[in-house]
Protein chains: 2
Amino acid sequence: MTRAPGTDHRTLPRRRGAALNSAIFAAVRAEIAESGYAGLTMERVAERARASKASLYRRWPGRAALVLDAAYDAMPDYSSTPDTGSLRGDVLALMRQIVLLLDGVVGEAMIGLLGESLQNPDAAAQIREFGRGNMVRTMREIVGRAVARGECDAGLVTERRLEAGPALLRQRVIFSGLPVSDDYLQEVVDDVVLPLFGVRPEVQPEG
Amino acid sequence: MTRAPGTDHRTLPRRRGAALNSAIFAAVRAEIAESGYAGLTMERVAERARASKASLYRRWPGRAALVLDAAYDAMPDYSSTPDTGSLRGDVLALMRQIVLLLDGVVGEAMIGLLGESLQNPDAAAQIREFGRGNMVRTMREIVGRAVARGECDAGLVTERRLEAGPALLRQRVIFSGLPVSDDYLQEVVDDVVLPLFGVRPEVQPEG
DNA sequence: CCTCATAGAAAACGTTGAGTTCTCTAATGC
DNA sequence: GCATTAGAGAACTCAACGTTTTCTATGAGG
């Protein structure tokens, strides 16, 4: 805030390139954690990162692109799908991973960006790639394993069925805004996902 | 724009109450049709409606509330569920109704508002009510009729199953941003909705 | 080690739109 | 007819965007 008197800012050490990038990303995430996506401004990011707005705009055309990169930067690799040995266990594990991700700063950023893309069709294309497909792709692997195990019939696997679970989860997050309970996930799996793939929801000792 | 010289604006006729409201709503919809939700500003709405910003702010606290009311004002009553005699026909009819709605100005407004609610959790609650539940409520009626006809078993009707079709449709609209094809709707119905309610998708001559 | 092009920090600026406040007056209720 | 309410238009403040300018640290080439 108040700088020591006599210090000329232009004589301070300066970061460049990757180091500066990281500092900016960290500032973005801190701002989101503190004020949410709506409260994030370029000016405050710059101030927090002790960077100049000019530096921000040299790198990114606007807020959405900046947040997008900052989110990618902090994105864990959730394409790792634990093989629990049953379709039920696998789907639950995947959904829990995603709920966990959405419950943090990255999730807040993703949801804010989705909002952005809904209001501004221009910026939409790039944003929508983010986080799409991933979940369905993983579902495809998981169900593929179930087919290989003989747990379900290959003829039942269609694009819409693979999307059903993810769609219910996303809808819950988007429309309720509340954290998703584990009960909800189990209902989705037992009432929808397993029936769609012809798997009887045999009672299991928690996946 | 340029008014006839000599006309004093304060001597023009004035609208009040409902008449003014309608004019404002019409202006909101015209602006959305012209510039989309993102391009809508209070100033242009006021100008277009030949109203003052003060009048807008006396009625609504902000842009979101205004658009919300304008959308409600133009909202058709899609709770009327045509009874086509089959679950497949009923669900398809409902989905087609909704796709049609979303493809117009009201849809644009709804999507923009959803975007708003994702960025600004404060304004979210009221906005999220809008358009939620309606579709699931109608699904409940439709499936109820199918149960009454003996077309499907009452034991299969759960909340998550009722939500599955709507969730897939919403996800499509939200994440692709493109108009939803009728083929997609049929896939949703035949691959997901009917199987979930234990109805065999007997080939039908178009619902 | 010196020189120079690059890129960064800070600050100032122009612009836009939000939301408020003011004045004057038409509409409306009594 | 008279008083009250509410609207039109304009001026205003404020916040944030995005740009431009000035000065200088950084890092590369010679």
Side-chain angles (χ1 to χ4, degrees), chain A residues 1-28 31-32 34-67 112 116 119-120 122-123, chain B residues 1-28 31-32 34-67 112 116 119-120 122-123:
Chain A
M1 303 300 138
T2 37
R3 226 174 303 111
T7 29
D8 184 343
H9 64 83
R10 284 159 303 195
T11 68
L12 290 173
R14 279 182 205 163
R15 300 146 303 177
R16 302 169 76 134
L20 182 54
N21 259 33
S22 299
I24 293 173
F25 288 156
V28 167
E31 283 293 323
I32 287 179
E34 202 174 293
S35 328
Y37 185 93
L40 181 129
T41 72
M42 298 298 265
E43 263 155 6
R44 285 176 53 183
V45 169
E47 190 185 339
R48 180 164 221 144
R50 227 209 64 228
S52 69
K53 288 204 301 175
S55 298
L56 296 188
Y57 283 106
R58 193 174 306 119
R59 289 174 163 76
W60 299 276
R63 198 174 61 143
L66 169 57
V67 175
E116 193 90 32
Q119 297 190 347
N120 191 346
D122 302 337
Chain B
M1 305 295 134
T2 38
R3 229 173 304 112
T7 29
D8 183 345
H9 65 82
R10 284 159 304 192
T11 68
L12 290 173
R14 275 181 208 164
R15 300 145 303 177
R16 301 170 77 135
L20 182 54
N21 260 33
S22 299
I24 293 173
F25 288 156
V28 168
E31 284 293 323
I32 287 178
E34 203 174 292
S35 327
Y37 184 93
L40 181 129
T41 71
M42 297 300 264
E43 264 159 2
R44 284 176 55 181
V45 168
E47 191 184 338
R48 180 163 221 147
R50 228 210 62 229
S52 69
K53 288 207 299 176
S55 299
L56 296 188
Y57 283 105
R58 194 173 306 120
R59 289 174 163 75
W60 298 278
R63 200 172 61 142
L66 168 57
V67 174
E116 193 91 30
Q119 297 192 345
N120 190 345
D122 301 337

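Atom set for the values below is all heavy atoms of this structure, side chains included, hydrogens, waters and symmetry mates excluded. Within every chain, numbering begins at 1; the chains are lettered A, B, ... in the order of the sequence lines, protein sequences first and strands thereafter. The structure presented is a predicted model; accordingly, all values stated were derived computationally and were not measured.
- Between atom CZ of residue B/R63 and atom OH of residue B/Y37 there is a gap of 4.5 Å, rounded to the nearest 0.5 Å.
- The nearest whole Å value for the distance from the CH2 atom in A/W60 to the C1' atom in D/dG18 is 16 Å.
- Under the side-chain hydrogen bond (donor to acceptor under 3.5 Å, both in side chains) criterion, B/S52 pairs with B/S55, not counting sequence neighbours.
- Side-chain atoms of B/I24 and B/L66, non-hydrogen and from C-beta on, do get closer than 4.5 Å to each other.
- As a whole-Å value, the separation of A/R59 CZ from C/dT6 P is 16 Å.
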Expected rows: protein N/O vs nucleotides 27-30 of chain C N/O, under 3.5 Å:
unit_1, atom_1, unit_2, atom_2, d
C/dA27, OP1, B/R14, N, 3.2
C/dA27, N3, B/R16, NH1, 3.2

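- Inter-axis angle, ends of the helix from C/dC1-D/dG30 to C/dC30-D/dG1, five pairs per end, rounded to 10 degrees: 20°.
- A search for salt bridge (Lys or Arg N to Asp or Glu O under 4.0 Å) contacts involving B/E34 returns B/R44, B/R48, not counting sequence neighbours.
- Applying the salt bridge (charged side-chain N to carboxylate O under 4.0 Å, His left out) definition to pairs two or more places apart or across chains, those involving residues 50-60 of chain B are B/E43-B/K53.
- Taken to the nearest 0.5 Å, the CG atom of A/L56 stands 5.0 Å off from the CE atom of A/M42.
- At whole-Å resolution of the value, CG in A/L56 and P in D/dA16 are 15 Å apart.
- When all heavy atoms of B/V45 and B/V28 are compared, the closest pair comes out as CG1-CG2, 3.8 Å.
- With sequence neighbours excluded, the residues that form a side-chain hydrogen bond (donor to acceptor under 3.5 Å, both in side chains) with B/Q119 are A/E116.
- Residues passing the side-chain hydrogen bond (donor to acceptor under 3.5 Å, both in side chains) test with A/N120: none are found, sequence neighbours excluded.
- Here the P atom of nucleotide C/dG8 and the CG atom of A/N21 are 9 Å apart, to the nearest Å.
- The side-chain contact (heavy atoms from CB on, under 4.5 Å) search around B/A65 returns B/W60, B/P61, not counting sequence neighbours.
- OP1 or OP2 of C/dA9 lies within a sub-4.0 Å distance of a side-chain N or O belonging to A/S55.
- Residues meeting the salt bridge (Lys or Arg N to Asp or Glu O under 4.0 Å) test with B/R15, sequence neighbours left out: none.
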| query | Can you give one letter per nucleotide of nucleotides 12-18 of chain C, 5' to 3': B if a protein heavy atom sits under 4.0 Å from the base, S if only from the sugar-phosphate, - if neither? | reply | -----SB
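- Comparing B/A51 and A/G62 by the nucleotide of DNA chain D that holds the closest heavy atom to each, the one mapping nearer the 5' end is B/A51.
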